[in-house]
Trainee: 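One structure coming up, written as structure tokens, with questions to follow.
Residue numbering restarts at 1 for every chain, and letters A, B, ... go by the order of the sequence lines.
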Amino acid sequence: MKKYLKFVFAILIGAVIGGVGIYLLCENKLNNSRMKPLPAQEKSEGLRGIYDIDKNINEKTIDNYLERPDVVYRDVRMLEDTATWENKGGERNLTGFVKGFEVVPYAYLTEFPQEYIDQKKSENVTGLYKGKTLFRLEDGKYIPNYKESMEILEYLFPKDKIIFLMCGAGGYANFTKQMLGSLGWDTSKIYNVGGYWNYNGNNSISTKINGSDKCDFSKVPYHNIDFSRLTKAN
Amino acid sequence: MIKKLLLLLTFIILITGCSKTKHYDTNKVVLDDIYYNKGNFIDINSDYLNNQNHKNYVLFAYNSFCTFQIPCEDIFQEYMTKYKVDFLSINIDEYKKTKLHDTVEYAPTIIIVKDGKIIAYLDAESDDDLNKYQDVKEFEKWINNYIFIPN
């Protein structure tokens, strides 16, 4: 009798666990299919349109589009910028970011165009990053510096996903989108969602250590590119 | 007699009242005296700005990381130097902590304030204002509609 009861009890437990598991699996699939489609890309007007910041998905509305499984979220600033932004009233450190965004510095993807370097110099901002990058610019084309460059780029910005790009004001995000488009990405799937400095939503994470000017970057989901392990392209 | 006097008094008050209204309609914003100076940006923080109730000034809220063909601060500086008018300037991080941010959300922007209230501003999201950020003549034409410039 006891064995029989144990057997029945085990069957019941198994059925409950199995049932819950199937429910959760179905609910997840159902949620995905219920996920609202993203609004089509529409460029903002005015100055913000120059950066190709999206009119519908931007700093004001991004909180409505976080945690989507069909999107990758990339913040393309450096953790600590090498440029003297403080000369223009800015700061070098990534003092905050939007939850869900992962940092992939644009500066490590490709070199800055000379016109941009010159313009920043005229604004008293010098020291833009000039170190190793995955690609270089030659006659307006992006040339890989390493054999692994394209593979890394495709890993960081998967072509089968929608890509949300953010930076400080929208500029680097715009550069990144242009670069990806030039290298074969479908730009209709890449949204420039603007700059963290215009963000006032509920998902801001500060990296500042209380009471000091220092930052704790351990909070930041960061993609490191170890150039020392890469093979130089011919 | 008293009725006639009252009628006359009412008439006089109405006439002077209308004239006064007409006078205000054509007034431009006379900035606080300290801003008719050398044509400099005066860098401030949110605490300072939040205490500028009932003041008249022009504010430049900027985002350091902006990159345009012509830096807009160069456009504004050219105007300020020409007319020797100082603008207050504040970076976006501080600006977000002020009451003005409730109305004007995006930087860069120029905001004209009278008695602590926004009279006009450049909208970073408007095609109509784009040329005012990049052309000093367009900027001058716009701002001179609103602020008084002494001869």
Side-chain angles (χ1 to χ4, degrees), chain A residues 43-51 53-55 58-61 76-78 81 83-96 106 112-113 115-125 128 166-175 194-201 204 206 208, chain B residues 40-46 49 59-78 87-110 121-135 138-139 142:
Chain A
K43 202 163 71 168
S44 288
E45 289 179 14
L47 221 50
R48 287 166 58 75
I50 291 178
Y51 279 163
I53 295 172
D54 196 77
K55 189 174 184 174
N58 52 51
E59 309 94 327
K60 263 200 274 193
T61 61
V76 292
R77 293 176 286 167
M78 297 176 86
D81 207 312
T84 55
W85 292 107
E86 62 274 16
N87 290 348
K88 269 194 79 171
E91 52 187 30
R92 302 189 194 208
N93 287 337
L94 193 137
T95 54
Y106 168 77
F112 291 104
E115 313 89 71
Y116 180 75
I117 296 171
D118 293 341
Q119 187 185 2
K120 288 298 119 188
K121 207 172 166 187
S122 73
E123 296 169 28
N124 205 21
V125 175
L128 282 164
M166 182 177 265
C167 59
Y172 284 7
N174 186 30
F175 289 166
Y196 175 75
W197 298 119
N198 285 316
Y199 176 73
N200 230 19
S204 178
S206 171
K208 275 195 164 169
Chain B
N40 289 330
F41 285 114
I42 303 168
D43 218 23
I44 59 169
N45 60 21
S46 54
L49 195 59
L59 176 73
F60 170 44
Y62 62 89
N63 188 331
S64 311
F65 304 95
C66 279
T67 301
F68 302 108
Q69 210 166 344
I70 305 166
C72 49
E73 54 264 39
D74 289 358
I75 300 292
F76 306 146
Q77 181 64 73
E78 197 176 324
F87 288 2
L88 296 178
S89 71
I90 188 169
N91 77 36
I92 182 77
D93 208 22
E94 283 292 304
Y95 175 65
K96 274 158 54 174
K97 300 173 195 169
T98 71
K99 296 163 208 166
L100 297 181
H101 184 255
D102 294 340
T103 309
V104 184
E105 290 183 88
Y106 293 120
T109 181
I110 291 285
Y121 64 94
L122 287 185
D123 186 352
E125 262 197 317
S126 165
D127 281 341
D128 291 340
D129 285 350
L130 195 49
N131 59 357
K132 299 170 186 85
Y133 284 100
Q134 299 285 276
D135 183 327
E138 292 298 324
F139 176 70
W142 172 77

Trainee: For atom NZ of A:K121, is the number of surrounding heavy atoms from other residues, nucleotides or ligands below 6.0 Å larger than 12?
Mentor: no
Trainee: With rounding to the nearest 0.5 angstrom, report the CG to NZ distance, A:N200 to B:K96.
Mentor: 5.5 Å
Trainee: When rounded to the nearest 0.5 angstrom, what is the spacing between CG in B:D123 and CZ in A:R48?
Mentor: 9.5 Å
Trainee: Given heavy-atom pairs under 4.5 angstrom as the criterion, report whether the side chain, backbone, both or neither of A:E59 touches chain B.
Mentor: side chain
Trainee: To the nearest 0.5 Å, how far apart are CG in B:D93 and OH in A:Y196?
Mentor: 7.5 Å
Trainee: What closest approach, in Å, do B:P108 and A:L47 show between heavy atoms, and which atom pair accounts for it?
Mentor: CG-CD2, 3.5 Å
Trainee: Can you tell me which portion of B:Y133 sits under 4.5 Å from chain A's heavy atoms? Options are side chain, backbone, both or neither.
Mentor: side chain
Trainee: List the atom of B:N63, the atom of A:W197, and the distance in Å for their closest heavy-atom pair.
Mentor: ND2-CB, 3.8 Å
Trainee: Select, from B:D128, B:D43, B:N91, B:I92, the one with the greatest count of heavy-atom pairs under 4.5 Å involving chain A.
Mentor: B:I92
Trainee: Rounded to the nearest 0.5 Å, what separation is found between the CD atom of A:E45 and the CG atom of B:D129?
Mentor: 11.0 Å
Trainee: Supply the atom-to-atom distance A:N58 CG to B:Y106 OH, rounded to the nearest 0.5 angstrom.
Mentor: 4.5 Å
Trainee: Can you tell which part of B:E73 gets under 4.5 Å to a heavy atom of chain A, answering side chain, backbone, both or neither?
Mentor: side chain
Trainee: Using heavy-atom distances under 4.5 Å, tell me whether B:Y62 contacts chain A through its side chain, its backbone, both, or neither.
Mentor: side chain
Trainee: Near B:Q77 CD, under 6.0 Å, is it more than 12 heavy atoms from other residues, nucleotides or ligands?
Mentor: yes
Trainee: What is the distance from atom CD of B:E125 to atom NZ of A:K55, rounded to the nearest 0.5 Å?
Mentor: 8.0 Å
